[in-house]
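Step one of this worksheet: look at the structure below.
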Amino acid sequence: MAQGRRYWLMKSEPRVFSIDDLAQSPKQTTCWDGVRNYQARNFMREMAVGDQVFFYHSNAEPPAVVGIAEVARIAYPDQTQFDKTSHHYDAASVPSAPRWDMVDIRYRQTFNASLSLDRLRQEPKLKGMVLLQKGSRLSVQPVTESEWAVVLKLAGAKVS
DNA sequence: GCCAACGTTGGC
DNA sequence: GCCAACGTTGGC
């Protein structure tokens with residue numbers, strides 16, 4: 001295992017892009033465009049290839065961690081910021097100094113039983129998770145190694 | 001669909 | 001540099 005491999009959680013609305021969509025993408029890989037929050041962007045800039053990612057369904061019934069992906073490409077400019085026809089267009093960003101980045105993530109697995117937000121809240125060991133903090137809305141957030149292990153265990157997922 | 005919490009913008 | 005107004009996120 002690579003030293004210092006890190007763990008993250010990324011949110012997506014399943015009606016927009018679900019973990020099934022990721023699994024069915026070419027090479028089971030997608031670029032994570034559209035992030036327009038500086039904190040989330042900064043976390044993506046810290047990512048390394050091979051970092052592990054919990055795939056979280058937000059605005060879902062129920063909201064839940066549904067599986068695992070991994071970082072396949074480190075941060076690079078999100079082209080949608082320059083696309084006037086895109087929802088994510090940012091008139092204040094210029095190609096010589098792109099404001100917004102994205103990473104590529106690759107599908108790894110879908111949990112047999114997804115872990116609802118409710119279930120996660122019931123686990124004392126996960127009290128500190130960024131996801132569970134009051135008012136937390138970050139769409140890209142760090143997960144500690146111990147939180148990663150606890151969630152995996154709750155999911156009954158095979159550790160590889 | 002509501003609205004609390006949070007981030008961003010822009011007037012001053 | 002303060003802060004009110006506004007927009008967005010995302011659980012419920």
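Chain identifiers are assigned alphabetically (A, B, ...) following the order of the sequence lines, protein sequences preceding nucleic acid strands; residue numbering begins at 1 within each chain. Quantities reported herein were computed from a predicted structural model and do not represent experimental measurements.
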> Would a line drawn from the ring center of A:Trp8 to the ring center of A:Tyr56 be shorter than 6.0 Å?
Replying inline: no

>> Tell me the interatomic distance from A:His87, atom NE2, to C:dG7, atom P, rounded to whole angstroms.
In response: 15 Å

>> With heavy-atom distances below 4.5 Å as the criterion, would you say the side chains of A:Ser116 and A:Arg119 are in contact?
In response: yes

> Over how many whole Å does the gap from A:Arg137 atom CZ to C:dT9 atom C1' extend?
Replying inline: 5 Å

>> For C:dG11 and A:Tyr56 - does any side-chain N or O of the residue sit under 4.0 Å from the phosphate oxygens OP1/OP2?
In response: yes

> C:dG10 P sits how many Å from A:Asp118 CG, rounded?
Replying inline: 17 Å

>> If I take atom CG in residue A:Leu131 and atom C1' in nucleotide C:dT9, what distance separates them, rounded to the nearest angstrom?
In response: 13 Å

> Taking atom P of C:dT9 as reference, at what distance in whole Å does atom NE2 of A:His88 sit?
Replying inline: 9 Å

> Between atom CG in A:Leu120 and atom P in C:dG10, what is the gap in whole Å?
Replying inline: 15 Å

>> I want to know whether A:Trp32 and A:Phe43 have ring centres closer than 6.0 Å.
In response: no

>> So, does A:Lys11 get its side chain near the phosphate of C:dT9, meaning an N or O under 4.0 Å from OP1 or OP2?
In response: no

> Taking NZ, NE, NH1 and NH2 as the nitrogens, is one of them in A:Arg36 or A:Asp78 under 4.0 Å from a carboxylate oxygen of the other?
Replying inline: yes

> Within this structure, what is the CE-to-P distance between A:Met10 and C:dT9, rounded to whole angstrom?
Replying inline: 15 Å

> Taking for each residue the nucleotide of DNA chain B with the nearest heavy atom, is it A:Gly135 or A:Arg99 whose nucleotide lies nearer the 5' end?
Replying inline: A:Gly135

> Atom CD of A:Gln133 to atom P of C:dG10: distance rounded to whole Å?
Replying inline: 15 Å

>> Judged by each residue's nearest nucleotide on DNA chain B, which is more toward the 5′ side, A:Ser136 or A:Asn59?
In response: A:Asn59

> What is the nucleic acid contact for A:Gln39, judged by heavy atoms within less than 4.0 Å: base, sugar-phosphate only, or nothing?
Replying inline: sugar-phosphate

